[in-house]
There are 2 protein chains.
Amino acid sequence: MGASLELAVSTVILALLPGTTAGCGDETLQLHLPLVRRTREPFAGRWALPGGWVTPDERLSSAARRTLAETTGLRPSYLEQLYTFGAPHRSPTGRVVSVVYTALVRAPEAAAVEIGENVRWAPADRLMETVGELAFDHAEIVDYALWRLRTKVGYAAIAQHFLGETFTLAELRGVHEAVLGKHLDPANFRRSVAASGAVEATDEVRSGAAHRPARLYRAVLPPGGATGGYPPWQSRPELG
Amino acid sequence: MGASLELAVSTVILALLPGTTAGCGDETLQLHLPLVRRTREPFAGRWALPGGWVTPDERLSSAARRTLAETTGLRPSYLEQLYTFGAPHRSPTGRVVSVVYTALVRAPEAAAVEIGENVRWAPADRLMETVGELAFDHAEIVDYALWRLRTKVGYAAIAQHFLGETFTLAELRGVHEAVLGKHLDPANFRRSVAASGAVEATDEVRSGAAHRPARLYRAVLPPGGATGGYPPWQSRPELG
DNA sequence: CCAAAAGTGTTTCATTTACACCCATGT
DNA sequence: ACATGGGTGTAAATGAAACACTTTTGG
């Protein structure tokens, strides 16, 4: 039977926070993730993904939520299993298999995280420059999570989890632009989102800016029973 | 620390074998998977996915390959991690977390599997009718694997792993048709495959049939360094 | 010569892209 | 009034689907 083997969960939590982009010095939204500083060996002093051990009675996703709350206080608006990493020598202390989740959190909740000596936000694309080498194989894990997010926003309605209950299409477009790192045509973006059926208009608008008020939209849940299969634009959120 | 918790691997192995389709009684290629009959409790007598326990020194993918060989003798041409299932009461005997892999095998190797009292091939779409209820949550796992394969053949070059070193485009089209369960236009299929760059022509042809010989093609490996990221048509095969 | 599948060309339709233009609001 | 982004319209470009047609083999 499988002995001398530990099962952990880790989470790549992503939030869009203001930050300086690589190219120019202007302030735009940028993907950030919270890291925790390790206080014990192995890799004491280095920064790592939040995580912890799986207890016998909880679901894997529950373990991810729990360890997330314990280490950072965050409660994600979206949580999805990413991949399970289990190379024999990931940890120098013994065999550790990590089920890794990707979580998305909204900016206000992200801002509420108390930054301290051992918890901080780091820009996802410049981890090396800002916090140095990550512990374990966590740098590889972050790379993979970013790749998955960027490919997935193209076909799945997940960007809205970075935003609140209602949002303007310009805000949603801003999320896509920040994630993909490129400009999107407002007119075409509006059409493609409308065609996808991922959002529905409310009867409210957001005014206050020095221009015409923008209509507010709300995310619409996956219809589910399309052709009997799982909808192509939203893979199953919680399985097994 | 994570105690009283077992880590297993299971594999959904898929092969294209001749079989009667649901609608009419004609013989076409159909997705099949090998099942093993459980000889002990829990679920003694029921059919299940091949799998086993992870040993401390091997990679997860190696554990999948090893248990696969031990239970069925198969050596897959393609192996990819599918998902990790870990609901608390999946197994009545205690907490078991299963890292599930999807494997593709070629028809000749599939035919070499010795069918016996405790190993058999079953058509993937009619498991209930042919072998009854599967053990554990394996029916759900198979459903998810089939969904993933069917969505993935649309954008990734994986169908070729059902075929040999060289193959005709008609054979490759036959694989796609069997997986997707629908007819594809030969002319358009040829163009889309050529445009994807997933295959390259050899200077040989397959003759012997009562018609013009077909050119043989070979699968071409992912180029890798496209834009620095992982290629969109082939996610990373072995990670962590 | 004929059947049957390989392979090419063309026409049509839908989708994406680019960009011009009007609308409504705060200053 | 006018600058600014919200929102609509439209034409060109690109790509997918449908199908006619030519080529080359075995019988």
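Naming: A, B, ... by sequence-line order, numbering from 1 per chain.
Between A/Y217 and A/E200 the shortest side-chain heavy-atom distance does not fall below 4.5 Å. In this structure the side chain of B/I158 reaches within 4.5 angstrom of the side chain of B/L149, judged on heavy atoms. Side-chain contact between A/K182 and A/E177 is absent, with no heavy-atom pair separated by less than 4.5 Å. Residues B/Y101 and B/V12 have side chains not in contact (no heavy-atom distance under 4.5 Å, counting atoms from C-beta outward).
The nearest whole Å value for the distance from the CZ atom in A/R215 to the C1' atom in D/dG6 is 11 Å. Put simply, CG on A/L216 is 12 Å from P on D/dG6, counting in whole angstrom units.
Across all strands shown, A/R173 has heavy atoms under 4.0 Å from sugar-phosphate atoms exclusively, and none from any base.
Using a distance-only test at 3.5 Å, with no hydrogens or angles considered, no donor-acceptor pair links the side chain of A/S207 to the main chain of A/P213. Looking only at distances, no side-chain donor or acceptor of A/D137 sits under 3.5 Å from a matching main-chain atom of A/E140.
Residues from residues 182-191 of chain A that place a heavy atom under 4.0 Å from any atom of DNA chain C, listed by number: A/D185, A/A187, A/N188, A/R191.
Salt bridge absent: B/D203 and B/R218 never bring a charged side-chain N and a carboxylate O closer than 4.0 Å. Comment: B/R215 does not engage B/E204 in a salt bridge, judged by the lack of any side-chain N to carboxylate O separation of less than 4.0 angstrom.
Boundaries of the chain A contact region on DNA chain C are C/dT17 to C/dG26, first to last in 5' to 3' order (nucleotide atom under 4.0 Å from a heavy atom).
Annotation: of the two residues near DNA chain C, A/A210 and B/H211, the 5′-most nearest-nucleotide partner is B/H211.
The CZ atom of B/R126 sits 5.0 Å away from atom CD of B/E129, with the distance rounded to the nearest 0.5 Å.
Between B/H138 and B/F136, the angle of the ring planes lies from 30° to 60°, which puts this pair in the tilted group.
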Can you name the atoms? Protein N/O to nucleotides 21-23 of chain D N/O, anything below 3.5 Å, with the distance.
from   : atom 1 : to     : atom 2 : distance (Å)
D/dT23 : O2     : B/R212 : NH1    : 3.1

